[in-house]
Number of protein chains: 2
Amino acid sequence: MTGLKKKATSIDVARLAGVSQSTVSRTFSTDRSKVAPETREKVLAAARELGYTPDVIARSLSTQRTNIVGIVMADITSPFYPYVLELFITELQEAGRQVLLFTAGPHQEVDDILSLVLQYRVDALIITSATLSSEMADECAREGTPVILFNRYVPGAAASAVSCDNAEGGRLVANLFLDADHVRPAYIAGVKNASTNIDREKGFTDRLRERGQRECLREQGAYTYESGYECARRLLQRADPPDAIFCANDIMALGAIDAARDLAVRVSKELSIIGFDDIPAAGWSAYSLTTIRQPVNQMVAATLEVLTEQVEHPEAKPVTKLAPGTLIPRTSARLPSYVESSSQENRAVIRTGNLG
Amino acid sequence: MTGLKKKATSIDVARLAGVSQSTVSRTFSTDRSKVAPETREKVLAAARELGYTPDVIARSLSTQRTNIVGIVMADITSPFYPYVLELFITELQEAGRQVLLFTAGPHQEVDDILSLVLQYRVDALIITSATLSSEMADECAREGTPVILFNRYVPGAAASAVSCDNAEGGRLVANLFLDADHVRPAYIAGVKNASTNIDREKGFTDRLRERGQRECLREQGAYTYESGYECARRLLQRADPPDAIFCANDIMALGAIDAARDLAVRVSKELSIIGFDDIPAAGWSAYSLTTIRQPVNQMVAATLEVLTEQVEHPEAKPVTKLAPGTLIPRTSARLPSYVESSSQENRAVIRTGNLG
DNA sequence: GTATACTTTGCATACGTATTCAGAATGCCT
DNA sequence: AGGCATTCTGAATACGTATGCAAAGTATAC
């Protein structure tokens, strides 16, 4: 009820408690070892009376640490990312860090955003679904701001990266298609330069070729429902339509399923569709999409581990981690018989190494 | 390529340019009127050479304005909110403000988060989908931090609010159902205390009663797909199932459609379903959900107007604004014949007034 | 009783910028 | 030439906290 305009400062508290400002500061510091219990009580009482709260801005200026992590996210609305974002925020908040969120619109390169972010002296930077020039990554490294790419990587850059093993996921899908005797596979691609898309496609087509499948249809999508729908429609209206489609993400796969339905192509019987991500809608009864689940929890946890490590040891070398995807068998694809039996919990084990 | 460890400060720039620190500061201030063009050039050149960027933290400490807006969001993953969030971020970023994002988990009340937010001295606070005690709102008001509730309101509190006209939306749906000769309406409710849910239900059932419909079935949902599915299943398995269901939001409506399909109830022929929000999935061909669209763009724009106003004039009284929803007719509901014809652009006109 | 170590506190200063005030320089008018 | 207004710059200080250093006080050991 001390409802006055100005916020109380540590000096006000000091005066009321009859101690020095330093003592007040120490009382609210994390290493509270250096203040006598009784003094501590006096200070806390005074603080309570004045409604005092340490000013984070001033603290940041003094300590050169903001406890703020920047997150740059390009397509928040793509159904996979809200989950990632919520996880990040929840975990970071729990660890006493806050999140400054930036978005890189289609007309706005990440590099432009970056200078903005750096002005805020964030302790670290997480970049998801947006490319970053390696010069900028180096720039961050020079300024001492650790950068962690989430599901992206920039080959030569001085940035850590945590990613799903997209190439392995692609190979897995290729194996599943061939083992279940599909003869005419197709790939609906995501955004062109996205490393997720490149890796998933490469894993998929490489494995197909390794196993003697000479041809693979392809349509260029854009990670959206509409693009998935259109690409699938084009594929299915060919004289020689595919009998299996691997979509670079779930949302395009949902579009593909709807396209098939609208063209009276029976999904699973005549056409197998497999997606990537395992977004909630994949499990809805209208779709029942077979997909490769990204181990979001592990990926986020790994990202935060790397983050903590890099913040505490700014000199440390960049690190990369890969987490394996898991097949979630549903009904949108005909699967080889061995899938049912091998329902062992496919524990995600994070692999550390080089993504290049 | 002046790649050294420490960031350059205004003092470094001043020294190199042969001017005082004040001049450097003024060069980078927004009211740049007070520095001679040639001096300005010298300073900018020096700054460029050193890679200098003003330190936002220090600036904030000095000006007592952070240019940061806090956003508290409880369920980022609920499909409607990522769009809201992206819009907010994009627009705020464009206006030179940054967004500090907080989430209020189920075990964490907004009030707890709030003290955290306030420590960061955000210029303003936007709260979506989370309730806030009126004491806390008053606390913010006292500290001079404007609070704007998005699609929520707290009756007696000192906080502004921008919301969709949820009650009117409910009334609209009631009219549509009755005008198309439905005789057994039902409501699937959202989260219990959410003002969106309360208003939509009240508008809906009040209007039904006004027009002589004495009974309305009801199931308690939770704004999730699963709850929509389960509630619809319970309704449809009754001896006296409804012939029209109004779902408090789209995601539950999608669940309801899938439940109907799984029970071989033909949506639109035997059962009309209307949702609220108009999320992208509502337009997918698997659902084609008739729904009330929230005018997100206008709501966000209105919120930012209020925000700017309140930041510039901290003494101003709290304001509330209401934006009308628009019917998006698709195929999940039998509609009265007048709907087709009246396809005039239903321009959203924001109403200012009292929500209480 | 003195020497030593340890705990607790206060003083002074640093963090990087914005801003007030006063002084210097310039131009204009009579 | 002198008076006055105008434009530009620099010195000094404020913003609120953290922390190194030294001093004061307390406990321990001999």
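Only a predicted model underlies this, so the values are computations on that prediction, with no experimental measurement involved. Quick note on labels: first sequence line is chain A, next is B, and so on, each numbered from 1.
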Out of [options], whichever nucleotide has its closest atom nearest the side chain of [X]:
{"X": "B/D55", "options": "D/dG16, C/dT17, D/dT19", "result": "C/dT17"}
{"X": "B/S29", "options": "D/dG10, C/dT17, C/dA18", "result": "C/dA18"}
{"X": "A/Y52", "options": "C/dT17, D/dT17, D/dG16", "result": "D/dT17"}

In whole Å, what is the span from the [atom1] atom of [X] to the [atom2] atom of [N]?
{"X": "A/R65", "N": "D/dT19", "atom1": "CZ", "atom2": "C1'", "value": "15 Å"}
{"X": "A/I11", "N": "C/dC11", "atom1": "CD1", "atom2": "P", "value": "12 Å"}
{"X": "B/Q21", "N": "D/dA11", "atom1": "CD", "atom2": "P", "value": "11 Å"}
{"X": "B/R26", "N": "D/dC8", "atom1": "CZ", "atom2": "P", "value": "11 Å"}
{"X": "B/I57", "N": "D/dA14", "atom1": "CD1", "atom2": "C1'", "value": "18 Å"}
{"X": "A/F28", "N": "D/dA18", "atom1": "CZ", "atom2": "C1'", "value": "14 Å"}
{"X": "A/K42", "N": "C/dT8", "atom1": "NZ", "atom2": "C1'", "value": "12 Å"}

Exercise. Would a 4.5 Å heavy-atom cut-off, applied to side chains only, mark B/I127 and B/L149 as touching?
Worked result: yes
Could you check whether [X] gets within reach of a base, just the sugar-phosphate, or nothing at all, counting any heavy atom under 4.0 Å?
{"X": "A/S25", "answer": "base"}
{"X": "A/T63", "answer": "sugar-phosphate"}
{"X": "A/V19", "answer": "sugar-phosphate"}
{"X": "B/T23", "answer": "sugar-phosphate"}

Counting only side-chain N and O atoms of [X], is one of them less than 4.0 Å from OP1 or OP2 of [N]?
{"X": "B/S62", "N": "C/dA18", "value": "no"}
{"X": "B/Q64", "N": "D/dA14", "value": "no"}
{"X": "B/S20", "N": "D/dG10", "value": "yes"}

Problem set entry | Residue list, ring pair (Phe, Tyr, Trp, His ring centres under 6.0 Å) with A/F80, at least two apart or on another chain |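 In terms of ring pair (Phe, Tyr, Trp, His ring centres under 6.0 Å), with neighbours along the sequence ignored, A/F80 is linked to no residue.
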Exercise. With sequence neighbours excluded, what pairs up with B/F150 under the ring pair (Phe, Tyr, Trp, His ring centres under 6.0 Å) test?
Worked result: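 Only B/F88 meet the ring pair (Phe, Tyr, Trp, His ring centres under 6.0 Å) criterion with B/F150.
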Problem set entry | Residue pair A/T23 / A/S20, side-chain donor-acceptor N/O under 3.5 Å | yes
Seminar exercise, completed: Sorted by position of nearest nucleotide on DNA chain D, 5' first, the leading residue of B/P37 and B/A58 is B/P37
Problem set entry | Pair A/D123 + A/R97: basic N to acidic O under 4.0 Å |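 Result for this pair is yes, salt bridge flagged.
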